[in-house]
Amino acid sequence: SDEDGGDGGGSGGGSEGTLKVGVAYDTGGRGDKSFNDSAIAGVEAAVQALGGDVDEDIEELSPNEDDSNREELLTQLAENDFNPVIAVGFAYGDIIADIAADYPDTQFAIVDTSVEDLGVDNLTGLIFAEEEGSFLAGVAAASKSVTGHLGFVGGQQSPLIEKFEAGYVAGAKAVKPDIIVDVTYLSPAGDGSGFGDPEGGKVAAQGMYQAGADIVFHAAGGSGEGVFEAAVEAGQRAIGVDSDQYLSASPDQQAVIMTSMLKRVDLAVEEYLNSFADDSLESGTDILNDLSTEGVGLSESGGYIDDIQDVIADFRQQIIDGDVEVPTTP
Amino acid sequence: MTALRRLGSALFAPAIAVVFAVVITALVILLIGENPTTALRVLFDFGDSPAQQTQAIVVILNRAVPLFLAGLAVSVAFRMGLFNIGVEGQYRMATVLAAGAGAAVALPAPLHILLVIVVAMAVGALWAAIVAILKVTRGVSEVISSIMLNFIALGTASWLLTGPLRGSEEGAAIITTKDLPESGQFPGLNGLFDVIGLAQPRGELYGFLIVAVLVGIAISVLLKRTRFGFDLRATGLSPSAATASGIDARAMVVKTMLISGAIAGLIGLPDLMGRTHHFGTEFTAGLGFLGIAVALLGRNSPLGIAFAALLFAFLDRAAVPLQFADIPASVVTIIQGTIVLAVVIANEIARQITRRRAEGDSGQAGPPAPESPPGGPAGTAGSRIDEPQGAQS
Amino acid sequence: MSTTAAPVTTSAPSRGPLTDLFLGGGTARRVTWIVVGLMLLLSVVRIISGEQALTSSSTFSTALLLAVPIGLAGLGGLFAERAGVVNIGLEGMMILGTWGAGWAGYQWGWAGAIVGGILFGAAGGLVHAIATVTFGVDHVVSGVAINILAGGLVRFLSELLYVDNPAGGGVTQSPALSSRPPSFSLPVLSDGPDLLGDLAGKEWFLVSDVAGLLRGVTSGVGVLTLIAILLVPISYVVLWRTAFGLRLRSCGENPAAADSLGVPVYRMKYIAVVISGGLAGLGGVALVFVANIFKEGQTGGRGFIGLAALIFGNWRPGGLAAGAGLFGFADGLQLRSRTAVVALLLLLAVLLLAVAVFQTVRGKYVQAVLAAAFAALSLVGFLTIEELPEGIVSFTPHLITLLVLSLASQRLRMPKADGLVYRRGES
Amino acid sequence: MAEGPAGAHAAAAGTGDAPYAVELRGITKRFPGVVANRDIELRVRRGEVHAIVGENGAGKSTLMKTLYGMHRPDEGTILLDGRETTLRSPADAIAAGIGMVHQHFMLADNFTVLENVVLGSEPTRGGRLDRAEARRRIREISQRYALNLDPDVLVEELGVGDRQRVEIAKVLYRGATTLILDEPTAVLVPQEVDELFGNLAELTREGLTVIFISHKLDEVRKVADSITVIRRGTTVGSADPRTTTARQLAEMMVGSELPSPQTRTSTVRETPVLELRGVTVASLGGRPAVDDVSLTVREGEVVGIAGVEGNGQAELVDAIMGLRPAEGVVVLGGEDISGWSTRARREAGVGFVPEDRHRQGMLLEAPLWENRILGHQTRPPAVKGPFIDRTAARADTERIMRDYDVRAPGPDTLAVALSGGNQQKLIVGREMSAAPRLLIAAHPTRGVDVGAQSAIWELLKDARAEGMGILLISADLDELIGLSDTLQVMLRGRLVATLDPSSLTPEELGGHMTGASDGAVGAL
Ligand SMILES: Nc1ncnc2c1ncn2[C@@H]1O[C@H](COP(=O)(O)OP(=O)(O)OP(=O)(O)O)[C@@H](O)[C@H]1O
Ligand SMILES: Nc1ncnc2c1ncn2[C@@H]1O[C@H](COP(=O)(O)OP(=O)(O)OP(=O)(O)O)[C@@H](O)[C@H]1O
Ligand SMILES: [Mg+2]
Ligand SMILES: [Mg+2]
């Protein structure tokens with residue numbers, strides 16, 4: 001009987017203006033100060049804006065330690081009539097299509113995975129042009145670098161993180177073609193430890209600073225903490241990722257976080273929920289969040305890059321206009 | 001009577017342990033200001049509709065199958081006193097190579113399945129054999145070598161996945177090997193639910209369950225009923241006595257690790273052949289370590305391990321519904337850890353009690369000797385031999 | 001009357017030449033010898049391969065940084081295992097230590113973090129002691145249970161205390177420490193004028209390499225690194241030179257004998273295992289200091305590596321420090337430079353060649369041929385490989401540990417009653 | 001009923017009002033299912049050597065452990081020098097001047113003599129172990145009581161005699177005035193025993209009191225000033241060694257006659273069962289453990305190997321069993337088995353009663369029927385093809401238990417639950433039931449009481465009469481002389497003398513074993 005109530009909405013369930021949103025987190029869950037928190041912030045903003053109750057109308061689930069119950073998270077949310085169900089992280093990419101097909105009356109969204117080729121029409125991919133944001137980070141770094149030497153620390157050597165690297169290197173070279181960029185990944189593909197290994201992050205970044213790099217960009221999740229520490233010790237600069245890391249950093253780290261490459265998962269999710277609520281959702285496809293939609297960008301907190309805003313704005317426009325083609329693989 | 005008593009003491013330990021774990025968990029839940037009875041209800045609430053209930057059963061069984069295999073792999077080595085902490089690496093290597101091999105060939109269904117299984121077992125066995133060979137030829141402790149080999153397996157599997165065995169297209173977020181063709185996939189068991197008249201669950205029950213059961217029976221027979229199993233257990237109980245009895249302890253180390261590794265090779269197959277059909281970056285890791293806990297909980301006996309795996313799977317299933325009830329999923333891990341600790345402590349207490357009792361039995365059986373010595377019952381007041389008796393002689 | 005005694009040989013039984021080299025006899029002399037030999041080798045390899053990273057001061061300081069948590073975990077293992085309790089729960093205790101350090105550290109600064117980490121680790125040790133000593137549970141079993149439990153517990157505690165904590169933090173991390181631990185440099189030599197640094201930069205044969213080593217371990221050394229380094233000789237003195245140490249070790253060699261002489265075996269084991277947990281916890285603190293924050297999964301199996309270092313070092317503080325150092329060196333190199341890892345192949349080739357020559361002299365031709373074959377293989381690898389893929393590079397330190405262990409034909413001697421459950425009056 | 005013995009003892013104490021050095025009154029100690037000591041009375045005068053005798057499991061060790069504070073008695077009181085004392089731990093006992101040398105040595109092999117001796121009462125200076133002081137004191141004790149110890153040698157490098165002296169040094173170091181020795185002579189040769197007794201005399205001269213336990217009644221009579229006999233956990237009386245014969249003592253202990261290992265007529269046949277030619281076993285450092293040993297065992301012959309422990313007997317046994325790599329040739333019934341595995345050797349008809357039954361003979365945590373299979377995994381009745389035949393194994397275990405008088409509830413009992421003697425009988429029964437051609441019997445009656453001892457001797461004699469060849473290694477010289485047809489003496493890995501047991505006294509044999517006899521010294 002519950003299911004009957006649910007399917008009335010079809011592709012736009014929130015008839016009373018309230019949503020029942022299910023969120024399946026990536027490893028770490030709520031409170032990770034990063035990805036997951038960004039996603040839930042978007043959900044909460046949307047639900048509040050639509051007059052819903054944040055405690056009542058949102059159900060958040062975290063996977064267990066070895067990630068083996070991801071499928072369960074999604075099905076349980078769907079079974080319990082949450083609609084839409086948002087999967088945070090590409091790790092759900094392997095399974096979400098099957099589940100969406102099983103629950104045709106529920107809308108699903110997945111962050112960081114393209115669903116265009118899957119042909120499931122109740123599934124939306126919320127994807128980001130990380131390479132574009134990273135390009136701007138590269139531009140900023142190269143413009144600010146005194147030594148002509150930069151660094152990049154990636155968490156896991158996966159296609160997603162390689163997008164960051166590709167954009168960053170391209171951006172740096174666009175400013176200074178002969179600039180050196182050291183690149184290190186903390187763990188190989190399939191080994192997630194690189195996102196939670198601050199010691200590794202610190203050692204890698206330290207190496208870069210000692211070799212002459214003066215700005216290091218990290219896309220290494222929790223290991224980034226180590227990168228910032230290395231910057232503090234070396235008295236050099238670092239670039240954060242995903243959220244504006246300046247805001248959550250300790251004062252001595254704020255002194256070194258030059259900027260952050262923003263990946264606005266919150267905006268993307270909020271946007272998605274809004275279109276779901278007002279029935280304008282066009283599912284079965286991807287929603288690309290790039291520079292033009294402000295889905296990615298650079299933070300300005302701390303004011304360290306105020307003096308080069310014009311250069312950055314220039315490149316941003318060129319990318320949006322398609323004058324600059326940003327590579328997605330290194 | 002002894003059988004009954006043995007059963008009694010066999011059940012006594014787990015019962016105490018579960019009670020203990022429940023108490024600890026209840027305290028933990030109270031600490032976060034939630035209601036422990038809610039948690040208890042959630043644990044046993046499999047859903048409202050028949051389909052949901054059967055689905056819960058499928059989730060438990062599907063989780064239990066790899067856990068069982070992992071526990072079994074660990075326990076075989078344990079039985080002869082080897083600590084195979086390397087199951088983790090063994091099944092990773094086995095799964096990636098089995099996935100690669102399975103996707104690379106075209107064979108009729110039963111053969112194809114067989115090939116994947118054989119490759120997995122062979123790779124697992126070989127990876128474990130490194131540990132064994134280093135131990136018997138170079139005296140390298142199996143604990144260290146298997147820890148190191150776990151890391152080496154992680155890197156190697158990653159390299160295989162991103163290099164020679166890469167099947168997913170460039171740029172896909174998840175890197176995987178090529179999918180196994182239909183003929184290499186293990187059929188599910190959902191037909192079974194129709195047969196016993198239960199609702200069809202949403203998911204598919206792993207057909208690999210059957211393989212796991214067969215392997216469990218085989219290992220059970222091997223250990224309990226065969227000469228080889230006797231040799232294996234004897235070596236575990238006392239290497240020196242085993243050697244003196246003619247068992248080649250070095251060969252035993254190698255053989256045991258081969259078997260343990262071969263079973264370990266199967267751990268990743270239920271997922272590989274029943275669900276994902278490829279090895280990828282989202283591979284379920286950590287089963288090797290859980291297998292240690294499961295083996296310990298199951299007291300290294302195949303049946304016990306089956307129960308332990310089911311218990312772990314049962315608790316794991318609750319992770320999702322618990323969150324619906326606002327109880328964090330980490331509670332499940334806490335229950336699992338507490339149960340393991342409680343069970344091993346309770347086992348130990350029970351073992352001491354049984355052992356004492358056994359000794360009590362034989363202690364009482366000692367005195368009624370057939371040729372009871374003259375001089376009256378023992379314990380009468382002593383007499384001086386050098387006075388009256390000495391005078392007699 | 002002495003005719004009845006078995007002949008007394010004054011020299012200890014040989015344990016194979018390489019092992020003797022590492023662990024035997026006149027320790028100080030041998031250690032010096034090894035360090036000199038290794039430096040020479042590294043220097044040659046550096047010159048040939050042009051990989052300055054091999055012996056740069058930053059490589060050595062990184063090695064030190066990475067070795068500290070492993071070494072502390074290993075020292076923790078040392079205390080427990082010398083008292084006869086196998087501690088596979090080091091990883092769990094280290095996890096508890098990181099959490100304790102994060103929790104205490106954000107409130108009371110770095111000194112608080114040290115205390116918090118030690119206390120949490122020690123609490124893990126206490127659980128292990130209760131299970132193994134009082135209840136006689138198999139040591140491995142209890143350790144595994146503690147590892148599982150620790151993971152669940154810290155997640156739970158974070159959920160309880162950090163979510164919605166105004167100071168920051170979340171389910172997987174603590175707020176940042178409220179103060180930073182101090183660090184020290186050797187004045188003039190490694191700081192200010194930085195004479196060693198100058199020398200190290202000259203790329204001179206051997207001289208620069210040694211200068212790199214010295215500067216690496218004397219500049220910017222954190223307070224915990226200092227403590228860890230000091231703890232190595234301190235552990236030696238405590239365990240081998242005091243009455244307490246003798247009693248503790250007697251529990252690992254023959255607890256029944258210790259008991260019969262009035263040594264409180266159970267109490268000693270409790271003390272040892274709690275110390276063990278505390279040291280593992282301190283290892284966790286070291287990790288927290290690196291990141292200035294507690295982060296779930298931070299330990300990344302370092303407790304297990306610490307255990308391996310302990311066994312590697314033949315259950316001795318110096319040996320385990322060497323094991324931790326070797327691991328740290330390889331790990332640092334791996335994280336820093338993929339190309340330097342390739343240069344290690346050359347090092348390996350040279351070492352294997354030496355083994356081959358040595359085995360030929362001893363008349364063990366099979367081993368000699370095997371070693372020579374692998375030497376050739378490594379050399380070919382060095383000459384042909386430009387850069388190894390990330391997957392392969394990532395396990396460099398583990399592979400090296402395994403290789404060294406299997407090369408050093410070892411007769412490691414663990415405490416005789418290690419891992420045996422002791423019950424009074426039952427032997 | 002406690003008054004009887006108490007009264008008798010008061011009479012025995014006779015004249016002196018001086019309190020007893022040790023007096024135990026009505027000691028009862030229960031273990032789960034066993035009453036190890038029941039209402040025991042013991043009175044030991046200061047300065048005497050007091051012997052305690054009794055069969056295996058009579059409760060002697062338990063009583064001594066009680067006196068040493070290792071466990072508390074359930075009932076009864078302990079008086080030391082007339083004062084009632086409660087001993088909560090060995091530490092208390094040590095403080096009260098009691099020291100104990102245990103039946104099984106309590107030494108840490110990997111520690112030096114010094115470390116073993118000072119453990120628990122270490123001299124310290126500035127928090128550190130004061131090795132110099134410790135060394136000085138050990139040397140002093142060593143000299144005073146002629147113990148001849150080097151403080152800095154690792155215990156694992158010492159022979160049994162030296163180890164025992166280390167144990168004694170431990171006790172003396174703690175200033176003990178009362179010394180308990182639990183079966184100190186079980187592993188010693190006569191010369192060593194004499195030395196020990198010399199040491200004991202030294203001790204009593206200094207005013208120390210010695211309580212000592214032994215199964216060897218002649219020895220007891222020789223050295224003790226008074227004797228207490230324990231049977232089934234309780235005192236059955238005391239005896240005066242000067243007026244009591246060994247036979248009377250034995251009867252008091254078990255109510256049966258003292259067994260004698262006398263061989264009946266010779267049954268030696270011509271066919272050799274075992275021939276060793278130039279067998280050499282290398283040891284870790286220097287001199288080989290077994291050096292060029294050649295010998296022959298014929299059908300129906302018992303060849304005894306005499307030797308002080310640690311002179312290569314254990315290695316020789318290992319070499320014959322294939323447990324240790326060896327050079328030279330081992331021929332079994334005309335077939336060269338040098339390259340064979342242990343299992344193949346056993347299958348070819350070699351039975352093996354190992355020296356250390358706990359280490360090599362049994363699976364303590366396994367039931368008896370599984371222990372029946374051990375060493376016979378490839379042969380019926382216990383196995384069928386690759387499978388284990390549990391029913392047959394159980395049945396055959398029951399047979400062994402009947403035939404060999406193994407006292408246990410049933411084949412499912414765990415082996416740990418059996419006393420040493422019963423374990424040994426099971427092992428002998430097991431090895432005999434495969435009807436081997438050759439039996440390697442290493443210390444077959446060590447630590448076994450007189451009843452079980454004679455049973456095992458009878459078994460060996462019967463088997464020999466049926467044509468089995470037996471290689472007997474023993475530290476019990478009476479056993480060696482009584483059972484063997486030929487005796488070989490082993491010293492430093494070599495066979496140094498072949499002796500005729502029919503005309504040999506234990507003292508002469510002991511001389512050969514220690515290399516004191518001319519011939520043996522010449523051979524070196
Ligand atoms: N710790 C114990 N727990 C249970 N039973 C024990 C324990 N120690 C001894 N016993 C029992 O007490 C009885 C006496 O044993 P004890 O060791 O004192 O004999 P014993 O006279 O020293 O024998 P032996 O001559 O063989 O050394 C035995 O039946 C034994 O089973
Ligand atoms: N701590 C103990 N707990 C239970 N039973 C014990 C204990 N110690 C000894 N026993 C039991 O005491 C009995 C005799 O033990 P003990 O070691 O004295 O044997 P034994 O006849 O002296 O043989 P051995 O010559 O090998 O010493 C056995 O039944 C043994 O199981
Ligand atoms: Mg005794
Ligand atoms: Mg005994």
Side-chain angles (χ1 to χ4, degrees), chain A residues 1-3 22 24-25 29-30 55 59-80 82 89-95 98-99 102-103 110-114 117 125 127 156-163 166 185 187-193 328-329, chain B residues 47-49 51-52 55-56 59 62-63 66-67 92 96 151 154-163 166 168-176 202-203 271 275-287 289-290 313 315-317 319-324 326 328-330 332-333 336:
Chain A
S1 64
D2 285 348
E3 279 173 24
Y25 284 125
R30 189 190 188 118
D55 285 334
E59 184 62 58
E60 315 148 46
L61 300 181
S62 304
N64 64 4
E65 235 166 319
D66 61 10
D67 279 352
S68 58
N69 65 347
R70 293 202 130 104
E71 211 168 323
E72 269 296 288
L73 302 190
L74 296 181
T75 45
Q76 287 295 325
L77 287 170
E79 289 272 339
N80 286 283
F82 288 95
F90 66 77
Y92 291 93
D94 228 10
I95 52 172
D98 291 342
I99 294 167
D102 282 353
Y103 297 91
I110 177 165
V111 177
D112 270 354
T113 294
S114 164
D117 303 331
I127 59 173
Q156 189 188 143
Q157 191 168 33
S158 63
L160 178 67
I161 305 301
E162 283 176 340
K163 274 161 92 180
Y185 285 91
S187 65
D191 171 8
S193 67
T328 57
T329 51
Chain B
D48 310 322
S49 72
Q52 281 174 339
Q55 172 64 15
V59 167
N62 282 356
R63 174 75 172 163
L67 282 176
R92 186 179 284 266
V96 68
F151 286 96
L154 185 62
T156 311
S158 164
W159 168 69
L160 286 170
L161 178 64
T162 49
R166 186 172 190 140
S168 55
E169 74 226 52
E170 280 294 319
I174 302 178
I175 307 175
T176 65
R202 200 195 69 78
D271 270 350
R275 188 168 58 94
T276 60
H277 308 308
H278 52 235
F279 177 94
T281 41
E282 298 311 306
F283 173 71
T284 303
L287 290 170
F289 289 110
L290 281 177
L315 292 170
D316 275 334
R317 183 210 69 97
V320 178
L322 276 175
Q323 293 185 65
F324 274 107
D326 286 334
S330 55
V332 169
T333 319
Q336 287 173 342

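Worth knowing before you read on, the calculation uses all heavy atoms, side chains too, and leaves out hydrogens, waters and symmetry mates. Chain naming here is simple, since letters A, B, ... match the order of the sequence lines and numbering starts at 1 in each.
For the set Asn69(A), Asn80(A), Asp112(A), Thr328(A), the entry with the most heavy-atom pairs within less than 4.5 Å of chain B is Asn80(A). Interface summary for chain B: among Leu160(A), Asp102(A), Thr113(A), the most heavy-atom pairs under 4.5 angstrom belong to Asp102(A). When each of Glu282(B), Arg202(B), His278(B) is scored by its heavy-atom pairs under 4.5 Å with chain A, the top score falls to Arg202(B). Residue with the most contacts toward chain A among Ala157(B), Gly47(B), Gly203(B), Ser158(B): Ser158(B) (heavy-atom pairs, distance under 4.5 Å). Looking only at heavy-atom pairs under 4.5 Å with chain A, the residue among Val59(B), Thr162(B), Thr176(B) that has the most is Val59(B).
Only the side chain of Ala319(B) has a heavy atom closer than 4.5 Å to any heavy atom of chain A. If you measure heavy-atom distances from Ile175(B) to chain A, the contacts under 4.5 Å come from the side chain alone. Contact of Phe82(A) with chain B is made through the side chain alone, with heavy-atom distances under 4.5 Å.
The pair Glu71(A)-Arg275(B) counts as a salt bridge, with a side-chain nitrogen and a carboxylate oxygen less than 4.0 angstrom apart.
For the residue pair Thr281(B) and Gly190(A), the shortest heavy atom distance occurs at CG2-N, 3.4 Å. Between Asp94(A) and Ile174(B), the shortest heavy-atom distance links the atoms N-CD1, 3.7 Å.
Side-chain contact check for Pro63(A) versus Tyr92(A): some heavy-atom pair is nearer than 4.5 Å.
Side-chain atoms of Tyr185(A) and Glu162(A) include no donor-acceptor pair closer than 3.5 Å. Judged by distance alone, the side chains of Asn64(A) and Glu72(A) never bring a donor and an acceptor atom under 3.5 Å apart.
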